Amino acid sequence: MSKGTTIKEALAKWEEKKGCKAAEAEEVLLYAQIPPVEKMDASLSTLAACTKLSLSSNSIEKIANLNGLKNLRILSLGRNGIKSLTGLEAVGDTLVELWISYNFIEKLKGINVLKKLKVLYMSNNSVKDMSEFQKLADLPCLEDLLFVGNPLEEAHSQAGDWVSVAAKKLPKLKKLDGAPVIRAEEDEED
């Protein structure tokens, strides 16, 4: 089996294709590398100007080495092998959007460090416990959540109460699974 592409190699390919330095770029897209990136290594720390980083469709199992990304606002890690949300501390004060659908996340430990997170796309993961979902209530800015395809959502959708349950647990939510959240209280205020 071939060894995966390193972040350093992926950045070199990106620079050659784009004709500019990754360290100066605001948007760095390293998705679907061949062979896939397996590890978020220390080379990521060179991306000081980066506001949007995509590492989707690779073989990454662990979030790591985000220390140098002081301006990161959007992180895309969908379609990897990630099982945990730990490792986000370094971007806790800047990250506004986290796209992490199609992974293997069961527990939301570590999500609470994302103080400015407004958008969380984490469809098709493995969250099944309401106690885990409740951790999203600790995100003071969360407005847009894509959660479809998680066992918890599927069970409540079958019961017909997913939107009401999610809206009750996350009172600041404005959009759930692509649709606006409409609350009865808002209707009464108008």
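Every value quoted in this text rests on a predicted model; they were computed, and no experiment measured them. Below, each value reflects all heavy atoms present in this structure, side chains not excepted, and no hydrogens, waters or symmetry copies.
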Novice: Donor-acceptor pair, distance only, cut-off 3.5 Å: does the side chain of Asn67 make one with the backbone of Asn65?
Specialist: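 No, Asn67 side chain to Asn65 backbone: no donor-acceptor pair under 3.5 Å.
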Novice: Is it the case that the side chain of Thr86 and the backbone of Gly110 share a donor-acceptor pair, with hydrogens and angles ignored and the cut-off at 3.5 Å?
Specialist: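 No, the answer is negative, given that no donor and acceptor are paired below the 3.5 Å cut-off.
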Novice: Quick check: closest heavy atoms across Val163 and Leu176, and the distance to 0.1 Å?
Specialist: CA-CD2, 4.0 Å
Novice: Should Val181 and Met130 be regarded as members of a common hydrophobic cluster, given that ILVMFWY residues are connected when their side-chain heavy atoms come within less than 4.5 Å of each other, either directly or indirectly?
Specialist: yes
Novice: Step by step, would you call Lys3 with Glu38 a side chain to side chain contact (heavy atoms under 4.5 Å, CB included)?
Specialist: CA-CA 9 Å; Lys3 101 179 168 55; Glu38 296 174 350; 5.8 Å; no
Novice: May I ask you to test the Leu47-Leu53 pair for a side-chain heavy-atom distance under 4.5 Å?
Specialist: yes
Novice: Are the side chains of Leu77 and Met40 in contact, using a 4.5 Å heavy-atom criterion?
Specialist: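 Result yes, sub-4.5 Å side-chain heavy-atom pair found.
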Novice: Is the backbone of Ala22 close enough, under 3.5 Å, to the side chain of Glu15 for a donor and an acceptor to pair up by distance?
Specialist: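 Yes; at least one donor-acceptor contact below 3.5 Å.
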Novice: Applying the 4.5 Å side-chain criterion to the ILVMFWY set and letting contacts propagate, would Val96 and Leu173 be lumped into a single cluster?
Specialist: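 Cluster IDs for Val96 and Leu173 differ.
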Novice: One pair to check against side-chain hydrogen bond (donor to acceptor under 3.5 Å, both in side chains): Asn80 and Tyr102. What are the steps and the verdict?
Specialist: CA-CA 7 Å; Asn80 275 291; Tyr102 293 94; over 6 Å; no
Novice: Is the backbone N or O of Gly78 less than 3.5 Å from a side-chain atom of Ser56, with the two atoms forming a donor-acceptor pair by type?
Specialist: yes
Novice: For the atom pair OG (Ser157) and CH2 (Trp162), what is the distance rounded to the nearest 0.5 Å?
Specialist: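 Reported to 0.5 Å precision, the distance equals 7.0 Å.
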Novice: With side chain to side chain contact (heavy atoms under 4.5 Å, CB included) as the criterion, how do Ile105 and Met122 come out once you've worked through the C-alpha distance, each side chain's angles and the decisive distance to 0.1 Å?
Specialist: CA-CA 9 Å; Ile105 298 164; Met122 65 170 301; 4.1 Å; yes
Novice: Under 6.0 Å between ring centres, would you say that holds for Trp99 and Tyr31?
Specialist: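 They do not qualify: ring centres at least 6.0 Å apart.
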Novice: Within this structure, what is the CD-CD1 distance for the pair Glu27 and Ile74, rounded to the nearest 0.5 Å?
Specialist: 8.0 Å
Novice: Does Leu88 belong to the same Ile/Leu/Val/Met/Phe/Trp/Tyr cluster as Ile60, with side-chain heavy atoms less than 4.5 Å apart forming each link?
Specialist: yes
Novice: For residues Glu132 and Lys109, report the shortest heavy-atom separation together with the two atoms involved.
Specialist: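 Nearest heavy atoms, Glu132 then Lys109: OE1-N, 4.0 Å.
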Novice: Using 4.0 Å as the upper bound for N to carboxylate O, is an ion pair formed by Glu153 and Lys128?
Specialist: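 Judged by the 4.0 Å cut-off on N to carboxylate O distance, Lys128 and Glu153 do not form a salt bridge.
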Novice: If Ile, Leu, Val, Met, Phe, Trp and Tyr residues are connected whenever their side-chain heavy atoms lie under 4.5 Å apart, and connections chain through other members, are Leu98 and Leu145 in the same group?
Specialist: yes
Novice: Is the centre of the Phe133 ring less than 6.0 Å from the centre of the Phe147 ring?
Specialist: yes
Novice: Where the side chain of Asn58 meets the backbone of Leu30, is there a donor-acceptor pair that is under 3.5 Å apart?
Specialist: yes
Novice: Closest heavy-atom contact between Lys8 and Ser43?
Specialist: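 The pair with the smallest heavy-atom distance is CB-OG, 3.5 Å.
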Novice: Are the side chains of Val148 and Ser123 in contact, using a 4.5 Å heavy-atom criterion?
Specialist: yes
Novice: In Å, rounded to the nearest 0.5 Å, how long is the span from CD1 of Ile63 to CD1 of Ile100?
Specialist: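 Here the rounded value is 4.0 Å.
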Novice: Could you tell me which non-hydrogen atom of Ile82 sits nearest to which non-hydrogen atom of Asn103, and how far apart they are?
Specialist: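 Between these two residues, the closest heavy atoms are N-OD1, 2.9 Å.
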Novice: Do you know which two heavy atoms are closest between Asp93 and Lys115, and how far apart they sit?
Specialist: OD1-CD, 3.4 Å
Novice: Would you say that more than 12 heavy atoms from the other residues, nucleotides or ligands in this model lie under 6.0 Å from the NZ of Lys39, or not?
Specialist: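 Incorrect, the count does not exceed 12.
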Novice: Distance check, rounded to the nearest 0.5 Å: Leu142 atom CG versus Leu120 atom CG?
Specialist: 6.0 Å
Novice: Closest approach of Leu29 and Lys52, non-hydrogen atoms and distance?
Specialist: CD2-CE, 4.5 Å
Novice: Roughly how far, to the nearest 0.5 Å, is the OG atom of Ser101 from the CG atom of Leu146?
Specialist: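 So the gap between those two atoms works out to 5.0 Å.
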Novice: Report the distance from atom CG of Leu136 to atom NZ of Lys172, rounding to the nearest 0.5 Å.
Specialist: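 Those atoms lie 12.5 Å apart.
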Novice: In the structure I gave you, are the side-chain heavy atoms of Leu75 and Leu95 within less than 4.5 Å of one another anywhere?
Specialist: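 Answer yes - side chains close enough.
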Novice: Show, in sequence, the C-alpha distance, side-chain angles and deciding distance for Thr51 and Leu69, and conclude whether the side chain to side chain contact (heavy atoms under 4.5 Å, CB included) test is met.
Specialist: CA-CA 8 Å; Thr51 60; Leu69 291 115; over 6 Å; no
Novice: Flag yes if more than 12 heavy atoms outside Glu154 fall under 6.0 Å of its CD atom; otherwise flag no.
Specialist: yes
Novice: With side chain to side chain contact (heavy atoms under 4.5 Å, CB included) as the criterion, how do Gln134 and Leu108 come out once you've worked through the C-alpha distance, each side chain's angles and the decisive distance to 0.1 Å?
Specialist: CA-CA 9 Å; Gln134 186 63 43; Leu108 299 176; over 6 Å; no
Novice: Side chains of Thr6 and Asp41: closer than 4.5 Å at any heavy-atom pair?
Specialist: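 Thr6 vs Asp41: side chains touch.
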Novice: Please determine whether the number of non-hydrogen atoms from other residues, nucleotides or ligands lying under 6.0 Å from atom NZ of Lys13 exceeds 12.
Specialist: yes
Novice: Answer yes or no: is there a donor N or O on one side and an acceptor on the other, between the side chain of Asn125 and the main chain of Asn150, under 3.5 Å?
Specialist: no
Novice: Are Val119 and Leu55 linked, directly or through intermediate hydrophobic residues, by side-chain heavy-atom contacts shorter than 4.5 Å (ILVMFWY only)?
Specialist: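 No, it is not one cluster - the side chains of Leu55 and Val119 are not joined through contacts under 4.5 Å.
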